Each structure stands twice: as C-alpha cells, then as structure tokens.
Amino acid sequence: MKRMTDRRTILLAAGTTAAAAMAGTVAAQSSDIRGTIAYEDGTPIPAGRIRFSFDGIDSTSTSTDRSAAPADLDSSGKATMVDFVIPQPALAARATTPVEVVVTLERDDGWLLARGSAPLTPGAPVTITLYKAMY
C-alpha cells in the first residue's frame, strides 16, 4: 500500500528547496564594485592618477579595512570613459548609513584635477562623473 505524504513532509521539502535557492543566489553575488567613470563634458579624462575612496563608512571603527584603499588607476588622457572593478570593503557592506564611492583625479605632483562621487548600491553598477576642481 502506498503511504500518504503528510503536511510536515511537504513543508520540509518546500523549505529545503527555498533555502537551497536562496543560498545559490547569495553565493552568486560578487563583492566587487563595478562601474564607469566619465568626464563632465564628454571630453577625454585628463592624464593623471584616479584614486578611489569611500564616504559614509563608520568612522568610529578601528578596523584596518576602513582605510584600505583599492588599487588606483592611471588615466592616459585619451579615454572618454574608464570601466573599473574594485573590491568592496567589508565595512561598506555592513554600513548603517549610505555609502558613496568617491573618485579623485590627481596629477603626478598631487594637485587635484577633478572629483566625482556616486551612491553605492550593492549589486548595481556605479556611474561616476568627474567634475573639474575649481581653485
């Protein structure tokens, strides 16, 4: 005789399937920040060093992860847009306030040429527009 499936077995199977599906989704998410940098008027980005930093990360934290800056990029002065992939600091993922990705363009002697920022939305690409620095 065939045994009837009880309600508890069905719910357990449904919960296991849902948990497996959610675990696969979480594992598939990347901790990298992807995006594009462009200059304000569509002209080529001037030559210099592009530096990344984060605003909105808890300043009371003593973790060294907060100050860890991702790799800088060099601008040749010819590209109108630069694509980037940088690692996301662990504290940015746990921040209670909105986090912004801040990009600065500096000459070799350290003078600021341009600055831009954009809010960080986990899993979404970031588009940052650099604006000329005024002195």
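Keep in mind that what you see is a predicted model, and the values were worked out from it rather than measured.
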For a quick test of your reading: what N or O donor-acceptor pairs under 3.5 Å do the side chains of residues 122-133 make, sequence neighbours left out?
none

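A distance of 6.0 Å separates CD1 in I50 from CG in L105, rounded to the nearest 0.5 Å.
The only member of D32, D72, I33 that meets side chain to side chain contact (heavy atoms under 4.5 Å, CB included) when paired with I86 is I33.
Neither L113 nor V102 shares a network with the other; the hydrophobic side chains, linked directly or stepwise wherever heavy atoms of I, L, V, M, F, W or Y lie under 4.5 Å apart, form separate groups for each.
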Does V101 form a side-chain contact (heavy atoms from CB on, under 4.5 Å) with F54? I'd like the steps, not just the answer. CA-CA 5 Å; V101 179; F54 299 92; 3.9 Å; yes
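R115 has its side chain within reach of S117: a pair of non-hydrogen atoms, C-beta onward, lies under 4.5 Å apart.
Looking only at distances, a side-chain donor or acceptor of S75 sits under 3.5 Å from a matching main-chain atom of I45.
Evaluation of the side chain to side chain contact (heavy atoms under 4.5 Å, CB included) rule for T80 yields P44 as partners, not counting sequence neighbours. For the salt bridge (Lys or Arg N to Asp or Glu O under 4.0 Å) test, residues two or more places apart in sequence or in another chain that qualify with D74 are R49. With sequence neighbours left out, T121 forms a side chain to side chain donor-acceptor pair (under 3.5 Å) with no residue at all. With sequence neighbours excluded, no residue forms a side chain to side chain donor-acceptor pair (under 3.5 Å) with D55.
Screening residues 101-112 for salt bridge (Lys or Arg N to Asp or Glu O under 4.0 Å) gives R51-E106, R107-D109 as the qualifying pairs, with residues at least two apart or on separate chains.
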